[in-house]
Protein chains: 2
Amino acid sequence: MTSTAIPVSNSIADIKALIRRESRRVTSYDVASLAGVSQSAVSRCFKPGASVSKATYARVMKAAQELDYTPNAAARSLITRRSNLVAVLVSESAVSFYPDVLNELTRQFAERGMRIVLFTFVHESQLDSTLADVWQHQIDGAVVSARMLPSQIAEFERRGVPFVLFNRHLRDQSVNAIVCDQVEAARTMASRLAAAGHKRFAIIDGPADSTIAQDRRRGISERLAELGLPAPVVVSGGLDYTSGARGMREVIERCGMPPDAVMCGNDMMAIGCLDTARHEFKISVPHQMSITGFDGIAQSSWLCYNLTTLRQPVQSMAVAAADMLVGLARQLERAPERRVFSAVFVDGATARLGPAF
Amino acid sequence: MTSTAIPVSNSIADIKALIRRESRRVTSYDVASLAGVSQSAVSRCFKPGASVSKATYARVMKAAQELDYTPNAAARSLITRRSNLVAVLVSESAVSFYPDVLNELTRQFAERGMRIVLFTFVHESQLDSTLADVWQHQIDGAVVSARMLPSQIAEFERRGVPFVLFNRHLRDQSVNAIVCDQVEAARTMASRLAAAGHKRFAIIDGPADSTIAQDRRRGISERLAELGLPAPVVVSGGLDYTSGARGMREVIERCGMPPDAVMCGNDMMAIGCLDTARHEFKISVPHQMSITGFDGIAQSSWLCYNLTTLRQPVQSMAVAAADMLVGLARQLERAPERRVFSAVFVDGATARLGPAF
DNA sequence: TTGTATGCGTTATCAC
DNA sequence: GTGATAACGCATACAA
């Protein structure tokens, strides 16, 4: 005699009627009663590598299919303490500028059986209020592309939620991060521009307090100094099209003679910069001026632009982020690691260039 | 005498030590024991509008803060049967082309206390296998931007999961949907091009079996017929830059004399088409040929393009989708509804146009 | 207003 | 291999 309210055996119609009457979802008990096995047997059938006989497995699966049964992730996560959910924390502009990164992350995590919960904010300073929502859902980890405060990092650690910084890193704090080598990339581009005879450089880049923007600036400045060239004019802004356009105007305004090479912090800015140079100032690019970007977004290869830029290996970076986070969730890794990828040079048509060095 | 293992009262340090020892997360029981109240009292404090005295509320909140307590969404959803999770089902190309839609949806749902779980697929035909994963997570609803089969619609209904079609609709099947009036938009654009004296029209649009592409084609064809103009040349493809470029080539190839107006199914295609016309065929746009788009994506307003297009009211559509889905989840609405928005004309520089009629 | 007791649907630990 | 049974952490009906 079983004490459960659900009879041991039943017809499909009876069970469906019961479920409808109680207006609830199909549970493993329903499947068990239809298949004539225990609830635990059903549970085991849905756990890969569990010990079930072939016969029971078949009966259970048939019953499950007939009832449209799907295990309840909430109940599962309650006991397993894993939700198979990963939070992606990014600014709205990051989604706008780098949709492919989101696609790649979604795909990579999906391949590892995990789904992405998207948390966006307008300003990175809103990360804090966003985090409050993040903790509610029992996410297994987070991919963060925002400036993190030490207090926020501490909170992740206190709560035991692993995270990976994406395209960001921190000075004076060791955390797991996936980045592209900005210094190397900047030096490469500066070298090739210099080799082609450019003399007067300008930089249009993102916020002055962004560490990756600082890296790029440093890479360029150091390389130019090494080559005995004058220091570049530097303009800071956002990282969008409009900032690129504004940057171009500011550069023209500040320089007596316009620079012959303008290196932008990303492709969006480079495109804004390029459009403004061509249409507003009637500057011929690359004949009178070279303009370079960084990222290798889809738009950079459009015929109208055909940007000379450095492509970030988005897919490799997404794979790395997924691998790293899955590893952390399984407690396989311990010491913080930074995985640094190299950007790939894209020889477009917006810069006169010397040979690769 | 309470039968729980957790003592009635305790110091912060003791409780934290206990939690660490058992390597579990902070629960409402921990908060209760620190605050010296029952677990249900804690639960009530986190439910807006519950009956709690001011004094207990303060004690509980203080304790919760000291312990970094956050309610466990999985446990909550188990009992409330609501997860505050919404699935967004879109193709990767939709994410790439319309990141702002994703941003707006994320924002609108966030304002309603709901988070987005992202499910993407390469081809819309993969929707089926994606759905299997969707059911596991107890989502409260879904926003779908893909062609849905009757069987898939039936499955949503069988499982009692409300959904809203976004930018899609179905013939011969009434479902909740948010769309932009393609027929109206197409007619508007055709009228204005015709008024400016264009005679030879071509259409470059998405897949022939897409209902919204069919709508656009029908709108244009009917309007041209009404005006006594010859039927347009029609080319089908994807909805991306490359398809636009290919479309332009095919149009040139198929027409003895190139058309003087090319209407594209979206901005991405229009941009590809425009780049190819200008750079590959040396066609002067809009002097020799007018090219129009549809969507009003960010790139359409870049100086290099300044596309003549019709902007979809993305924000209004996202608001509508969120409102509709939240209503459905609360069982407030019953009959399927289609909310149809009008596109807004954007007077760019890629078409010679007559006055608004 | 507050506390007790119960159940949500699963996994995990045992005996068998 | 299989079936009872005990958690998981919360919300809720009900008694006090």
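A, B, ... follow the sequence lines: proteins, then strands. Residue 1 opens every chain.
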Within this structure, what is the CZ-to-P distance between A:Phe46 and C:dT10, rounded to whole angstrom?
-> 9 Å
A:Arg24 with A:Asp30: basic N within carboxylate O range, under 4.0 Å | yes
Any donor and acceptor pair, going by atom type alone, linking the side chain of B:Gln108 with main-chain N or O of B:Glu104 inside 3.5 Å?
-> no
Give the rounded distance in Å between these two atoms: OH of A:Tyr29 and C1' of D:dG3.
-> 11 Å
Grab the CG-P distance between A:Asn72 and C:dG7 for me, whole Å please.
-> 18 Å
Can you sort out the partners of A:Tyr69 under ring pair (Phe, Tyr, Trp, His ring centres under 6.0 Å), two or more places apart, ordered by chain and number?
-> A:Phe46
Does one side chain, of A:Asn103 or B:Thr120, offer a donor that lies under 3.5 Å from an acceptor on the other?
-> no
5'-most by nearest nucleotide on DNA chain C - B:Ser51 or A:Arg76 | B:Ser51
Proximity to the side chain of A:Val37 - top-ranked nucleotide from C:dT4, D:dG3, C:dG9 | D:dG3
A:Val88 side chain reached by A:Val117 side chain, heavy atoms, under 4.5 Å | no
Under a 4.0 Å N-O cut-off, is there an ion pair linking A:Arg107 with A:Glu111?
-> no
Look up atom NZ in A:Lys47 and atom CZ in A:Arg76, then write down how far apart they are to the nearest 0.5 Å.
-> 10.0 Å
Under 3.5 Å between N/O atoms: give me all the protein pairs with nucleotides 12-16 of chain C, atom names plus distance.
{"from": "C:dA12", "atom 1": "OP2", "to": "A:Lys47", "atom 2": "NZ", "distance (Å)": "2.9"}

Between B:Thr56 and B:Ser53: side-chain donor-acceptor atoms closer than 3.5 Å | yes
Short side-chain N/O contact from B:Thr27 to OP1 or OP2 of D:dG9, under 4.0 Å = no
Nearest-angstrom distance from the residue atom CG of B:Leu78 to C1' of C:dT11 | 12 Å
Distance in angstrom units between A:Asn84 CG and C:dT10 C1', rounded = 14 Å
Nearest-Å distance, CZ (B:Arg24) to P (D:dG9)?
-> 7 Å
N or O in side chain of B:Tyr69 less than 4.0 angstrom from D:dC10 OP1/OP2 | yes
Let me know the distance between CD of A:Glu22 and P of C:dG7, rounded to the nearest Å.
-> 12 Å
Spacing between B:Arg81 atom CZ and D:dC10 atom P, to the nearest angstrom | 19 Å
Mind running a 4.0 Å heavy-atom check of residues 53-66 of chain A against DNA chain D and sending the residues that fall below it, in number order?
-> A:Ser53, A:Thr56
With sugar-phosphate meaning primed atoms plus P, OP1 and OP2, does B:Val52 contact a base, only sugar-phosphate, or nothing at under 4.0 Å between heavy atoms?
-> sugar-phosphate
Tell me yes or no: between the side chains of B:Gln39 and B:Ser28, is some donor less than 3.5 Å from an acceptor?
-> yes
